[in-house]
Every structure is written in C-alpha cells, then in structure tokens.
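I have placed the structure first, in the form of structure tokens, so that the comments after it can refer back to it.
One is the number of the first residue; the rest follow in order along the sequence. Just the heavy atoms: all of them, side chains too, but no hydrogens, waters or symmetry mates, feed the values below.
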Amino acid sequence: MTRRFRNIVILTGAGLSAESGLGAFRGQGGLWVDFKIEEVATPAAFALNPSRVHDFYNLRRSRMAEARPNAAHLALARLEAECPANVLTVTQNIDALHEAGGTKNLIHMHGELAKALCANCRTSVRWWEDLFVETACGACGEAGGMRPDVVWFGEMPRELERIYDALSSCDLFVSIGTSGSVYPAAGFVAEASAAGAHTVELNLEASEGADLFLERIEGRATEIVPAFVRRLLGTYA
Ligand code: BV8
C-alpha cells in the first residue's frame with residue numbers, strides 16, 4: 001500500500017467491539033444464538049410484545065455501560081485525527097465505543113442504544129436507563145411508544161444518502177469486524193469498487209463478501225487494526 005489516499009470510508013461491525021466484551025451477533029456466543037431477530041429486532045416484534053424487546057435492549061444497554069473502547073477503536077480515532085485524508089467512519093454498531101475512543105466524523109447507520117425514540121412524536125433523547133412500556137415521553141407525555149433509537153430489520157437505515165455520496169468518491173474502503181450478512185451495509189464494498197476504490201477487509205475470518213475485496217487481513221481487531229493504521233499513516237510521512 002503506497003498510494004496516498006484522499007477520501008477514506010471505514011465500515012465497522014460487531015467484531016470491532018467483541019474484545020470490549022460486547023459479543024457479536026453470529027457465531028459461537030453470538031446474540032442471535034439466544035434471541036430470534038423476528039422476536040426482538042423488528043417493528044412487528046415491538047408491536048406484539050414490547051416488554052420482551054425492552055428486556056433484550058435493556059440487557060445490551062447495561063452491558064454497553066460497562067464496556068470500554070479497545071485498541072482498535074483508539075487506532076481508528078488516531079487515524080481520523082492524524083491522517084491528511086478525509087476519513088468517514090460508518091458503523092453498524094449501536095454501542096457508543098467509537099465516540100468513547102475519540103472518533104468524531106461518525107455515522108451510526110443502525111442507530112444508537114444510548115438514545116430513546118418516541119414512536120408517537122419522533123422525539124429522540126439521550127437515554128442510559130432501562131426502558132419500559134410504562135415509560136412516558138418527556139416531549140409529548142405519551143407512554144407505550146418509547147423505544148430504543150435503533151434501526152430494526154425492515155426499517156430504513158440512517159443517513160444513506162450521505163453514505164452513498166462518500167462511497168461514490170472514496171479511493172479507500174476499509175471494512176472491519178463485519179460478517180457482511182446484513183444489507184444495505186453488505187453492499188457498500190461493491191459501491192466503493194465501482195468508484196475505483198482500493199478495498200480492504202480486516203476480520204477474524206472471511207466474511208460473506210470476502211471475494212469482493214482486493215486485500216484481506218485476518219486476525220483480532222485489537223492486533224490488526226493498530227498495525228494497519230500505522231502502515232496507512234506511514235504512507236503520508
Ligand atoms: C432495509 C440494529 C429497507 C439493531 C441491525 C438484500 C438481500 C437480502 C436481505 C435484504 C436485502 N436488503 C434488505 C434486506 C433485509 C435486511 C437484511 O439484510 N436481512 C439479512 C438478515 C439477510 N435488511 C434490513 O432490514 C435493513 N433495512 O433493508 O430497509 C431499505 C430499502 C432500500 C434501501 C435501503 C433500505 C436494516 C438492517 C438493520 C437491522 N439492524 N442492528 C440491533 O443491533 O439490535 S443489524 C445488526 O446485525 C448489526 O447492526 C449488524 O448490521 C448486523 C450484525 O452484523 P455484524 O456487525 O457483521 O456482526 P456479526 O456477528 O454478523 O459478524 C461479526 C464479524 O466479526 C464476524 O465475521 C466475525 O468473524 C468477526 N469478529 C468477531 N470477533 C472479532 C471479529 N473480527 C475481528 N476481531 C474480533 N475480535
């Protein structure tokens with residue numbers, strides 16, 4: 001890697017936060033082993049049994065409150081701070097570890113667990129406590145409509161226009177800690193390739209879209225991401 005890239009887009013997934021104690025979704029010990037997507041992460045599930053959905057997200061929110069950014073989060077914040085290129089980080093993660101690590105130019109395309117959304121008046125507020133069916137909205141006063149401000153399956157991800165804009169002009173696309181199994185995120189590498197970008201996957205194992213990448217680095221995020229960032233910053237020296 002010798003090219004001096006000017007517009008870098010980084011996509012991250014659950015694998016980035018795994019070593020901070022926030023288990024991934026798939027694979028051994030993954031969330032989807034104990035919970036069914038259709039029972040906890042869809043609008044229909046919330047309409048049918050909101051308490052079960054609140055239990056699922058209250059559990060994750062309490063785990064998230066204990067978690068700390070790891071060496072991979074810190075390395076990505078360093079890249080953003082020291083790299084002469086434009087760096088945009090797009091995360092599928094709903095935890096707050098990128099921000100805690102220092103990353104600023106960040107899009108939570110699947111929302112944030114540290115926010116609550118009122119389904120009645122669409123007000124979104126910072127929220128670190130448990131949520132319940134009885135919880136009333138501070139803006140409209142309604143109860144029963146407060147939900148985690150996350151994107152459920154079948155719902156539109158956030159800031160897609162800004163993301164596709166960045167993908168269409170990026171010259172380096174880096175995917176970190178994601179299995180490439182959820183769309184539209186899993187389609188971003190194809191968009192970046194179509195724009196002529198160099199594409200790199202950093203992951204513990206080959207993702208579902210591994211063949212779409214020009215370069216792949218396998219390993220644990222806390223080891224391979226700091227090394228990759230050092231190498232990348234070295235190209236501007
Ligand atoms: C939508 C928030 C309409 C909530 C999430 C096209 C084809 C097929 C299906 C679809 C399609 N288009 C749409 C769909 C339907 C659906 C979908 O993709 N279904 C899948 C299951 C097939 N998509 C949607 O519904 C999306 N909405 O399409 O709206 C629309 C229309 C037009 C244009 C746009 C949109 C909304 C999807 C978002 C759902 N919400 N999260 C919550 O978190 O509870 S998705 C959630 O699951 C995460 O955010 C993430 O996106 C996904 C989990 O994936 P990963 O993060 O990759 O985690 P995973 O465990 O799978 O993998 C971890 C990886 O890390 C592994 O590879 C592992 O090897 C690696 N790893 C582990 N440890 C480490 C590591 N790597 C390095 N170091 C380590 N230590």
Side-chain angles (χ1 to χ4, degrees), residues 11-18 20 22-27 29-65 67 89-99 106-140 142-164 175-188 191 207-209:
L11 174 69
T12 66
L16 186 78
S17 297
S20 293
L22 298 181
F25 289 77
R26 287 165 182 74
L31 275 169
W32 296 147
V33 175
D34 306 330
F35 298 93
K36 291 194 183 61
I37 287 179
E38 59 278 5
E39 289 180 355
V40 292
T42 65
F46 188 64
L48 188 69
N49 188 338
S51 302
R52 176 166 55 187
V53 172
H54 284 313
D55 293 347
F56 174 63
Y57 286 101
N58 289 345
L59 170 69
R60 292 174 64 190
R61 195 181 296 103
S62 58
R63 285 184 185 156
M64 186 175 81
T89 303
V90 178
T91 189
Q92 300 168 79
N93 300 342
I94 61 176
D95 64 52
L97 296 179
H98 272 299
E99 297 91 329
L106 176 67
I107 295 177
H108 277 279
M109 72 175 291
H110 292 164
E112 299 176 61
L113 191 45
K115 286 183 179 174
L117 176 71
C118 174
N120 297 312
C121 70
R122 308 307 294 174
T123 300
S124 176
V125 288
R126 287 242 148 255
W127 197 281
W128 281 96
E129 310 310 314
D130 284 353
L131 267 177
F132 303 99
V133 174
E134 300 74 27
T135 304
C137 169
C140 71
E142 289 282 320
M146 292 300 284
R147 53 166 281 181
D149 192 358
V150 300
V151 176
W152 283 327
F153 288 89
E155 293 185 322
M156 184 69 79
R158 311 282 164 78
E159 301 201 57
L160 281 180
E161 208 174 319
R162 193 175 151 212
I163 295 170
Y164 283 121
S175 176
I176 306 172
T178 183
S179 60
S181 56
V182 171
Y183 289 78
F188 291 171
E191 297 284 327
S207 74
E208 291 183 18

* Asked: Are any of the side-chain heavy atoms of Phe188 and Met109 separated by less than 4.5 Å?
  -> yes

* Are Asn93 and Leu22 side-chain neighbours, meaning at least one heavy-atom pair lies under 4.5 Å? -> no

* **4.5 Å side-chain heavy-atom contact, Arg158 and Val151** => yes

* Approximate separation, where rounding is to 0.5 Å, of Arg63 CZ and Asp95 CG -> 13.0 Å

* Structure fact -> Distance col, row Trp128:CH2 vs Leu113:CG, nearest 0.5 angstrom, shows 8.0 Å

* Structure fact -> Gly13 and Thr178 have their tightest heavy-atom pair at CA-CB, 4.0 Å

* Asked: To the nearest 0.5 Å, what is the distance between CG (Leu16) and OG (Ser175)?
  -> 10.5 Å

* To do: List for me each residue that meets side-chain contact (heavy atoms from CB on, under 4.5 Å) alongside Glu38, sequence neighbours excluded, and say none if there are none.
  => Lys36

Got a list of side-chain donor-acceptor pairs under 3.5 Å for residues 116-126, not counting sequence neighbours?
{"from": "Ser124", "atom 1": "OG", "to": "Asp149", "atom 2": "OD2", "distance (Å)": "2.5"}
{"from": "Arg126", "atom 1": "NH1", "to": "Ala114", "atom 2": "O", "distance (Å)": "3.4"}
{"from": "Arg126", "atom 1": "NH2", "to": "Glu112", "atom 2": "OE1", "distance (Å)": "3.4"}

* **Taking every non-hydrogen atom, the tightest pair across Ser20 and Ala67** => O-CB, 3.5 Å

* Atom of Trp152, atom of Val40 and distance for their closest heavy-atom approach -> NE1-O, 3.9 Å

* **Reported CG-to-CG distance for the pair Leu131 and Asn58, which is rounded to 0.5 angstrom** => 6.0 Å

* To do: Count the heavy atoms of every other residue, nucleotide or ligand shown that sit under 6.0 Å from CD of Glu129, and state whether that count exceeds 12.
  => no

* Asked: How about Thr135 and His54: do any of their side-chain heavy atoms sit closer than 4.5 Å?
  -> no

* To do: Heavy atoms only: give me the nearest Ala41-Tyr57 pair and the separation to one decimal.
  => CB-OH, 3.7 Å

* Spacing of Thr89 atom OG1 and Leu11 atom CG [to the nearest 0.5 Å] -> 10.0 Å

* Structure fact -> Sorted by chain and number, sequence neighbours left out, salt bridge (charged side-chain N to carboxylate O under 4.0 Å, His left out) with Arg61 holds for none

* Note: Arg147-Glu155 ion pair, threshold 4.0 Å (strictly below) -> yes

* Verify the distance criterion only: is there a donor paired with an acceptor across the side chains of His98 and Thr12 at less than 3.5 Å? => yes

* Asked: Which atom pair, heavy atoms only, marks the closest approach of Ala136 to Met146?
  -> C-CG, 4.1 Å

* To do: Could you grab the distance from atom CD1 of Ile94 to atom NZ of Lys115, nearest 0.5 Å is fine?
  => 12.5 Å

